[in-house]
Colleague: 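Structure incoming, see below.
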Amino acid sequence: MKITPETPEDRGDIERLLDLAFGPDRVGKTVYRLRTGVEPIAELCTVIREEGALKGSLRYWPVVIGDKRVPALLLGPVAVLPEDRGKGYARALIWDSLEVARRLGYGIALLVGDEPYYVRFGFTRAFTKALELPGPVDLNRFLGLELAPRALFGVSGVLQQPRPDEARPCNLHASDAAA
């Protein structure tokens, strides 16, 4: 299994995979409001291909939290072809991406998903009790992870789209990530 960065050539295959995994109505979900018009974080968007066929995909999006506009990552979607579920592709994509995110200086990762699955990576509802999403969501599925110790301490408010200058931690610039 080889994890590689997402390329522009992958986008069509990824969209087909996401439609297959989540249905075409997925774009109506609250988390898509935070993604619309925002570029995903290229350094954290990865795929798994075998013999040229896309097997899995993972993306992250920049968000900010509350009036203090604390930077965070929004994980998702992560998707694997239905016939390849259970082979460890999603786990590999997630573990790999969390390590890269820490190395790049991100402190907070958030997602909407099933806690029994994501708890193995450290995501929990306990970290999102003081946070809100800008639309309807089952709050039991709104999970967080501190990539840096105490990164969510005292953080509260609604998740929002970042301004262009807020898309990365204050100590990280695109040229740093490429190094």
Side-chain angles (χ1 to χ4, degrees), residues 1 3 6 17-18 21-23 26-36 38 40-41 43-48 56-80 82 84-162 166-172:
M1 170 183 334
I3 297 171
E6 176 185 319
L17 171 62
L18 296 176
F22 302 109
R26 65 188 160 82
V27 297
K29 294 181 179 181
T30 294
V31 290
Y32 274 86
R33 292 182 193 171
L34 295 164
R35 297 174 184 153
T36 301
V38 176
I41 300 170
E43 300 89 354
L44 295 173
C45 296
T46 54
V47 298
I48 294 176
S57 168
L58 172 68
R59 287 179 170 163
Y60 280 87
W61 306 82
V63 293
V64 293
I65 305 167
D67 293 338
K68 294 182 182 176
R69 303 188 67 79
V70 175
L73 297 171
L74 183 61
L75 186 158
V78 57
V80 173
D84 289 315
R85 290 183 184 148
K87 293 182 179 178
Y89 295 144
R91 286 189 306 276
L93 287 165
I94 294 167
W95 280 122
D96 180 73
S97 70
L98 292 174
E99 181 57 36
V100 172
R102 282 184 184 96
R103 191 175 71 239
L104 292 175
Y106 290 96
I108 301 167
L110 305 166
L111 63 82
V112 175
D114 295 324
E115 189 170 25
Y117 180 81
Y118 287 101
V119 72
R120 72 184 80 190
F121 307 103
F123 285 90
T124 176
R125 174 70 179 123
F127 284 132
T128 60
K129 296 277 186 183
L131 309 181
E132 299 173 45
L133 286 163
V137 69
D138 176 354
L139 291 179
N140 292 319
R141 296 173 48 81
F142 183 29
L143 311 174
L145 171 67
E146 290 182 322
L147 296 168
R150 298 177 53 87
L152 279 161
F153 182 77
V155 176
S156 64
V158 179
L159 271 62
Q160 306 164 59
Q161 289 186 338
E166 296 175 317
R168 301 176 178 278
C170 59
N171 63 344
L172 178 72

Colleague: So which heavy atom on Phe123 is nearest to which on Ala109, and how close?
Modeller: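 Distance-wise, the nearest heavy atoms are CE2-O, 3.5 Å.
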Colleague: Do Thr124 and Glu115 have a side chain donor and acceptor closer than 3.5 Å?
Modeller: yes
Colleague: Which heavy atom of Ala79 sits nearest a heavy atom of Leu18, and at what distance?
Modeller: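 So the two residues come closest at CB-CD2, 3.7 Å.
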Colleague: Can you sort out the partners of Arg150 under side-chain contact (heavy atoms from CB on, under 4.5 Å), two or more places apart, ordered by chain and number?
Modeller: Phe153
Colleague: Identify every side-chain donor-acceptor pair in residues 131-149 under 3.5 Å, counting partners at least two apart or on other chains, and give the distances.
Modeller:
| residue | atom | partner | partner atom | Å |
| --- | --- | --- | --- | --- |
| Asp138 | OD1 | Asn140 | N | 3.0 |
| Arg141 | NH1 | Asp114 | OD1 | 2.3 |
| Glu146 | OE2 | Ala151 | N | 3.2 |
| Glu146 | OE2 | Leu152 | N | 2.9 |

Colleague: Please report the C-alpha distance between Arg33 and Gln161 in whole Å, then the side-chain angles of each, then the deciding distance to 0.1 Å, and finally whether the side-chain contact (heavy atoms from CB on, under 4.5 Å) criterion is met.
Modeller: CA-CA 8 Å; Arg33 292 182 193 171; Gln161 289 186 338; over 6 Å; no
Colleague: Side chains of Thr128 and Arg125: do they bring a donor and an acceptor to under 3.5 Å?
Modeller: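 The answer is yes; a qualifying pair exists.
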Colleague: Could you name each residue pair satisfying salt bridge (Lys or Arg N to Asp or Glu O under 4.0 Å) that touches residues 66-75, not counting sequence neighbours?
Modeller: Arg69-Glu166
Colleague: Tell me every residue that passes ring pair (Phe, Tyr, Trp, His ring centres under 6.0 Å) with Phe127, counting only those two or more places apart in sequence or in another chain.
Modeller: none
Colleague: Is any side-chain heavy atom of Pro62 closer than 4.5 Å to one of Val38?
Modeller: yes
Colleague: Return the CG to CG distance between Leu98 and Leu75, rounded to the nearest 0.5 Å.
Modeller: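 Here the interatomic distance stands at 6.5 Å.
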Colleague: Minimum heavy-atom separation for Ser97 to Tyr60, with atom names?
Modeller: OG-OH, 2.7 Å
Colleague: Can you list the steps and then say if Ile94 with Tyr118 is a side-chain contact (heavy atoms from CB on, under 4.5 Å)?
Modeller: CA-CA 9 Å; Ile94 294 167; Tyr118 287 101; 3.7 Å; yes
Colleague: Which residue pairs pass the salt bridge (Lys or Arg N to Asp or Glu O under 4.0 Å) test with at least one member in residues 100-113, sequence neighbours excluded?
Modeller: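 Applying salt bridge (Lys or Arg N to Asp or Glu O under 4.0 Å) to every pair that reaches into residues 100-113, excluding sequence neighbours, yields nothing.
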Colleague: Please list, chain by chain and in numerical order, all residues satisfying side-chain contact (heavy atoms from CB on, under 4.5 Å) with Lys87, sequence neighbours excluded.
Modeller: Asp84, Tyr89
Colleague: Would you confirm whether Trp61, through its side chain, and Gly76, through its main-chain N or O, come within 3.5 Å as a donor-acceptor pair?
Modeller: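 Yes; judged by distance alone, with no hydrogens or angles, the pair exists.
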Colleague: Restricting to non-hydrogen atoms, name the atom on Leu110 and the atom on Ala72 that form the minimum distance, rounded to 0.1 Å.
Modeller: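 Here Leu110 and Ala72 meet closest at CD1-CB, 4.1 Å.
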Colleague: Between atom CZ of Arg59 and atom CG of Leu73, what is the distance when rounded to the nearest 0.5 Å?
Modeller: 15.0 Å
Colleague: Tell me whether Gln160 contacts the main-chain N or O of Gly66 through its side chain, where contact means a donor paired with an acceptor under 3.5 Å.
Modeller: yes
Colleague: Verify side-chain contact (heavy atoms from CB on, under 4.5 Å) between Val47 and Ile3, making sure each step is shown before the conclusion.
Modeller: CA-CA 6 Å; Val47 298; Ile3 297 171; over 6 Å; no
Colleague: When rounded to the nearest 0.5 angstrom, what distance separates CG in Leu111 from CZ in Phe121?
Modeller: 10.0 Å
Colleague: For a 4.5 angstrom cut-off between non-hydrogen side-chain atoms, does Ile108 reach Ile65?
Modeller: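 They are in side-chain contact.
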Colleague: Passes side-chain contact (heavy atoms from CB on, under 4.5 Å), Leu104 versus Glu43? Steps please.
Modeller: CA-CA 9 Å; Leu104 292 175; Glu43 300 89 354; 3.7 Å; yes
Colleague: Measure the CG-CG distance between Leu34 and Leu74 for me, rounded to the nearest 0.5 Å.
Modeller: 6.0 Å
